[in-house]
Amino acid sequence: MGLSHLPASPVAPSSATEEPERAPGVREHDSYLAAIMNAVVDGVITIDERGTVLSMNPAAAKLFGFAPSEVIGQNVRMLMPEPDRSRHDSYISEYLRTGTPKIIGIGRQVEGKRKDGSIFPMELGVSVVATEGRRVFVGLIHDLSQRRQFERRLQELQSNRLDLMENMAAGLAHELKQPLTAIGAYLNFARRHLNEKTLSIEKVEEMLDGANAQVFRASEIIDNLRQFIARGEAVRTLQNLNEVVRTACEFTDALAKEHHVKTSIDLEASPDAVVINKVQIQQVVVNLKRNAVEAMQNGERREMRVSTRLFGRDLIRVDVTDTGPGLPEEISGRLFEQFTTTKPHGLGVGLSISRSIIEAHKGRIWAEPNPGGGTIFSFVLPVAER
Ligand code: ADP
């Protein structure tokens with residue numbers, strides 16, 4: 001087999017006209033071989049016993065960014081980064097001396113160096129072919145960059161998902177507390193008024209309906225978590241953000257009233273179409289509102305404002321503004337990290353969950369001082385494309 005004459009690349013040194021006399025059939029054999037070399041997706045490079053490149057197929061040329069003519073006739077070490085670059089000659093001489101293969105017939109993951117100097121991971125398989133009294137080394141090169149990238153991405157996704165699940169599990173306790181507290185409050189109200197007979201039946205019915213709505217909300221939160229675990233993501237649908245925020249505000253009305261917080265709502269974003277998981281975004285608004293109420297509970301001024309508006313051309317911004325004491329300085333740098341809390345019974349997960357949710361929706365969440373005193377928590381979400 002005339003491997004040293006592999007006409008694998010258009011500019012390989014041995015063109016058909018230079019070819020020596022061959023037995024009938026050899027020429028076809030070589031042209032088959034050339035066709036195969038040209039067609040394979042993996043790189044193929046042949047070198048002689050001194051490491052000089054004899055041929056390079058188009059896939060290898062593309063992989064390394066060189067024209068074959070720039071490589072053929074040169075030492076193959078030009079395609080390697082250190083330390084292999086300095087050591088390659090001795091790898092060959094060692095093999096020729098001892099016959100002990102390090103890579104031949106084994107295959108290794110090594111690094112290649114492109115013309116532009118960048119380094120990429122590759123799987124290299126080498127076989128030795130004895131031809132016309134000489135040995136030729138055939139290197140098969142499989143680019144691993146995409147696989148590595150894919151593996152990295154997969155790892156990232158898995159750890160993101162674990163983070164998110166851990167976050168959601170920790171948050172479940174937190175999220176469920178709010179509807180459960182509300183249910184308790186509604187039922188207590190109803191019972192008290194039934195005992196004292198101070199309220200009409202209609203009013204009691206209204207409270208039972210309120211409790212019922214919160215039961216529904218709690219079960220939505222659990223469903224959401226179940227969906228997330230089953231599918232790896234929470235289902236998103238087209239929603240009007242103003243509506244979603246308004247409903248979330250209703251969930252916290254009772255809490256705000258209980259703490260004598262005056263709430264104003266100003267939902268003016270238009271358009272307000274977003275593709276979101278409604279329950280998750282409501283969770284964020286409820287978290288921010290509850291934090292605002294809690295921040296103001298010992299204050300003189302207790303005013304909260306919830307607003308939406310367009311932010312740039314393709315984002316909708318939601319602000320929850322309070323007149324509380326402002327952010328505690330000691331935690332301002334890690335506000336959105338898990339388990340950051342200044343509350344005696346705080347879990348410190350509300351803001352970290354909120355951030356995971358908003359970022360999973362390709363949005364951003366942040367906090368800044370309210371010029372009039374207090375804090376503004378804001379998030380933005382992309383407007384849905386028409
Ligand atoms: P938790 O409410 O359980 O403490 P969060 O992650 O929701 O957990 O909040 C973390 C911390 O951020 C709170 O303990 C509080 O110190 C601070 N914080 C959150 N919202 C506000 C706010 N509106 N005003 C002042 N501080 C806030």
Side-chain angles (χ1 to χ4, degrees), residues 160 163-182 184-185 217-218 221 224-225 245 248-249 251-266 279-308 317-361 363-380:
N160 278 353
D163 269 6
L164 205 56
M165 278 175 68
E166 194 181 290
N167 235 329
M168 286 188 83
L172 191 64
H174 183 71
E175 301 309 330
L176 285 179
K177 234 167 104 173
Q178 199 269 335
L180 288 176
T181 313
R217 173 165 163 70
I221 291 173
N224 215 30
L225 186 77
V245 172
C249 285
F251 295 150
T252 41
D253 264 358
L255 183 77
K257 278 196 193 119
E258 194 184 319
H259 288 89
H260 309 288
V261 170
K262 210 168 94 200
T263 310
S264 60
I265 299 177
D266 196 357
V279 178
Q280 285 184 337
I281 298 300
Q282 280 171 345
Q283 256 165 266
V284 175
V285 177
V286 168
N287 275 339
L288 298 183
K289 283 194 64 184
R290 190 177 35 216
N291 277 344
V293 169
E294 284 174 359
M296 290 185 287
Q297 63 190 352
N298 299 320
E300 288 276 293
R301 262 179 84 202
R302 299 183 194 177
E303 289 157 31
M304 171 160 57
R305 183 166 173 269
V306 181
S307 60
T308 66
R317 173 173 172 161
V318 179
D319 289 327
V320 176
T321 307
D322 67 56
T323 53
L327 294 172
E329 202 168 318
E330 70 274 17
I331 59 157
S332 63
R334 52 192 169 88
L335 207 52
F336 293 93
E337 287 172 22
Q338 221 173 358
F339 310 127
T340 297
T341 183
T342 53
K343 300 173 190 166
H345 301 290
L347 286 174
V349 293
L351 289 179
S352 83
I353 290 174
S354 301
R355 182 171 67 176
S356 300
I357 293 174
I358 295 298
E359 288 181 355
H361 282 80
R364 207 162 57 79
I365 184 166
W366 71 95
E368 58 200 350
N370 179 9
T375 313
I376 309 176
F377 273 86
S378 311
F379 64 86
V380 286

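Indexing begins at 1, ligand by ligand and atom by atom, following the structure's order. All of these numbers come straight from a predicted model, not from anything done at the bench.
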- Message: Please enumerate all residues that pass side chain to side chain contact (heavy atoms under 4.5 Å, CB included) together with Ser307, with sequence neighbours excluded.
- Response: Asp266, Arg305, Asp319
- Task: Would you mind reporting whether Leu351 and Leu288 have side-chain heavy atoms less than 4.5 Å apart?
- Result: yes
- Mark the output for Gly374 as yes if a heavy-atom distance to ligand 1 is under 4.0 Å, and as no if none is. no
- Item | Distance filter under 4.0 Å to Leu327 heavy atoms, resulting ligand 1 atoms | 25 (C), 26 (N), 27 (C)
- Query: To which of Asn370, Ile331, Asn291 does the heavy atom nearest atom 17 (C) of ligand 1 belong?
  - Reply: Ile331
- Measure the spacing between CD of Glu303 and OG1 of Thr321 and express it to the nearest 0.5 Å. 11.0 Å
- For ligand 1, is any non-hydrogen atom under 4.0 Å from Asp322's backbone (N, CA, C, O), its side chain (CB onward), both, or neither? side chain
- Item | Non-neighbouring partners of Asn370 that pass side-chain hydrogen bond (donor to acceptor under 3.5 Å, both in side chains), sequence neighbours left out | none
- Item | Residue pair Asn291 / Phe377, side-chain heavy-atom distance below 4.5 Å | no
- Item | Structural part of Leu351 in contact with ligand 1, heavy atom criterion under 4.0 angstrom | both
- Message: List ligand 1 atoms under 4.0 Å from Gly326, heavy atoms only on the residue side.
- Response: 25 (C)
- Any N or O of Ala295 closer than 3.5 Å to N or O of ligand 1: no
- Report the distance from atom CD1 of Ile358 to atom CD1 of Ile353, rounding to the nearest 0.5 Å. 12.5 Å
- Message: Geometry only, no angles: is Lys343 polar-contacting ligand 1 at N/O separations under 3.5 Å?
- Response: yes
- Query: Under a 4.5 Å cut-off applied to non-hydrogen side-chain atoms, are Lys289 and Met304 in contact?
  - Reply: yes
- Note on the structure: Counting heavy atoms under 4.0 Å, the part of Phe336 that contacts ligand 1 is neither
- Among the heavy atoms of Asn287, does any lie under 4.0 Å from an atom of ligand 1? no
- Query: Any donor-acceptor pair under 3.5 Å linking the side chain of Ser356 with the backbone of Ser352?
  - Reply: yes
- Query: What are the atoms of ligand 1, with element, lying closer than 4.0 Å to any heavy atom of Thr341?
  - Reply: 1 (P), 4 (O), 14 (O)
- Query: Which option out of Leu335, Thr340, Thr375 puts a heavy atom nearest to atom 12 (O) of ligand 1?
  - Reply: Leu335
- Message: Rounded to the nearest 0.5 Å, what separates atom CZ in Arg302 from atom NE2 in His260?
- Response: 6.5 Å
- Item | Pro328 touching ligand 1 at heavy-atom level, < 4.0 angstrom | yes
